[in-house]
Amino acid sequence: MTLFAEVILSLPLDKNFLYIVPDSQKDLVRVGSRVLVPFKERKRTGIVIKLKQRGVPKGLKLKEIHAVLDKTPLISTDFLSFTKKLSAYYYSSWGELLQASLPPSFVPKTRTTLSLTDKGQKALDEETLSDRERDVLLFLKKRPYSDVFLKRKLKMTSLSLILSQLESKEFIHVKKEVKTESLERKRPLRLEPTQLEMDFSLDEDSYQAANRIVTHWDGKTFLSYYLFGPSEKREAVYFYLIKRALTLRKKVLYLVPEIAATRSLIEKFQKRFGEHAALLHSRMSTRTREEEWSRIHSAQVDIVVGPRSAVLSPAEDLGLVIVDEEQDESYLQRENPSYDARRGAYFRAKQDRAILVYGSSAPTVESYHEFGKRHCLFNIWSGSSKTHAEIVSHRIERGLLSPRIIARLRKAIQEKKPVLIFHFRRGYASYITCSRCSYTPRCRDCDIALTYHRRDDRLVCHYCGHSLRKIYDCPECGHKIIKKRGLGIEAVEEEVKRRFPQIRVLGFDSDVAKRPKDQEKLVDLFQKNKIDILVGTQLLAHQQELSKVSLVVVLYPETVLVLSDYRASQKTFQSIIQAAKHLSHDENSELLIQTAFPDHFSIRSAAHLDYVGFHTQEIKFRRLMNYPPFTHMVEVLFQGDNLRSLAKQTRDFSSLLKEHSKDVEILGPALAAVPRLRGKNRVQIILKSKKRQDLDEALKQTLRKVRANKKILVYY
DNA sequence: CCGGTCGTTGTG
DNA sequence: ACAACGACCGGT
């Protein structure tokens, strides 16, 4: 009897591939093993998801598995089932998701190296080549290159054709090789038991919450909760629950926003849990990541801490899954394979029958609604500070900073108190424009006005990063370009310096401090009172270790509000709350919000730190407009060079959707919010439906029939 | 007629 | 995704 294996490969396809298991490999291969398989003249690594002896379609010339890479299955059936559910929910490819869960070196594939032969060398002298062949050979004259690099560098269409011709003429040598490294490179484990430094001083309501969770926790039932309260109190409850999980000998998964993957968090965990904890984050070296992965996989650690991708970590037997700062959008992966780690955490916890705990001081409207309805939401706000807040109505035409703000700044400076100013807009001006003909420089690839950055005197596209030197004369009419509109953080910094030349002001944004290390440095300077006023963007608001101040100024939070996004109000509210978090708890601390929309409910309720008030209003709007959580919402984004063919593609897609739809609202096709990005046009279709099942049905049927360059984003 | 581009199709 | 294949296109 022949044995066959269904193998899943990292391709953007909803498809498995069938291979013959050669007799020599029969005893080795298992479901969950990595296998090296021939695929289109190359070798790729796949995961075995099924082994069978029958049910093989006839007339298919199957290939044999080349090698089994694992002595024992690398991926458990639980993990397979979890990733499958996640990929189905987000219309992502299962194979790509599985690949994303593994360190890159664990997924070897054929690498092609091209080099010039002696014969090719001669051919170069004899001039019997086409222009393109010549270009390729000249490039390879320097040194051998990989085909991928050559393709990027030469930007030639049908390069593969040229290469195969050159190869058959023996002008180049093609070397194909697969590097399979051994996985046995584990860091030796320090076995000394760590003295866990844990302080469980829970106040009354935190204790109530923790206690209720623990009472219903039997180690074999999936249950989920929401902790609504300030971060310090949430953390105390988390640690209480972590201890509980550890006594039950269960593992813990602790998700934090991307931005929080800082040294301080790492230190906190290593101090508390020592070698029990593994940390994952995006800026880790490949080597460290492999080591941490192996430690988690071999159950050497009890707690895994990391950003969204940590939901794909190989921890087994989870007892507790924590998602802190649940409102944070960095949990949503927008690139393929797209997924939302928040719902990922749900699938994961359910799979392992673990306890799932979300937490935030400003929850998403969706979660607050859902958990409130189920009575699984704990409000642990009691005893929190009474901040004095003030909304200053001000139109920017009358100057960037209102007189009232300036007066407060002056007072703080006199009292030698540090101040934090937030303005959620990078650069000096979001666009510049000619005062005569209104010409505005735009990105050549993205259809977006270029932002002026004064620090390096350049115009920058905030979508693709393309930049050019500032232009002073209008290319249309020759007039001087002078108007600067949509003033950003650099303008605020300049204004503060101009008003208060004697004090130390510093900007804090991704342009000043891109790397976490530089951010830490600036935070440290502020900590040591070497800076009087920090002017920052969202990046500053997210800094965990910033010392508390008695004056926080938020400028024009409506910059977030104007986004054409159904979550704009929520984002506005949340960004103010983020900023207000840096206020000290004493009586005199003050939050000032300067805005041109003083009556907008998201700004009003944020000023009073009144989440419930905000939620009550926002949920009405969501219900009225059929937005999540009252509907499930999916965005299908099409990208292409040619707008006309895009239009046809999307119209066809839309009419197919309509054919298969039952109770699905279809919006569009319409130009996406960013109509052009990196030289590609973008058109989107939005789907909304009360029942996820209806939406699923329509989309699945349509996708079966259509193949186009598109990206699917599931919002809820 | 050929070299090159573009869209479609299959990958086991 | 990527490569292979066939239709089309524009210069000669």
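Basis for what follows: all heavy atoms, side chains included, without hydrogens, waters or symmetry-related copies. Every chain is numbered from 1 and lettered A, B, ... according to where its sequence line falls, protein lines coming before strand lines.
Checked against the 6.0 Å centroid criterion, the rings of F347(A) and F82(A) do not qualify as a close aromatic pair. For F653(A) and F638(A), the gap between ring centers is short of 6.0 Å.
Cation-pi geometry between R343(A) and Y716(A) is satisfied (NZ or CZ under 6.0 Å from the ring centre, within 45° of the ring normal).
We find that NZ of K109(A) is positioned 10 Å from C1' of dC2(C), with the value rounded to whole Å.
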Practice problem: Sugar-phosphate atoms are those with a prime plus P, OP1 and OP2; base atoms are the rest. Using that split, label each nucleotide of nucleotides 7-12 of chain B B, S or - for protein heavy atoms under 4.0 Å, 5' to 3'. | Solution: --BBBB
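Among residue pairs with one or both ends in residues 6-17 of chain A, those qualifying as salt bridge (charged side-chain N to carboxylate O under 4.0 Å, His left out) are E6(A)-K52(A); sequence neighbours excluded.
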Exercise. Would you please test Y19(A) and V48(A) for side chain to side chain contact (heavy atoms under 4.5 Å, CB included) and show each step?
Key: CA-CA 10 Å; Y19(A) 287 89; V48(A) 176; over 6 Å; no
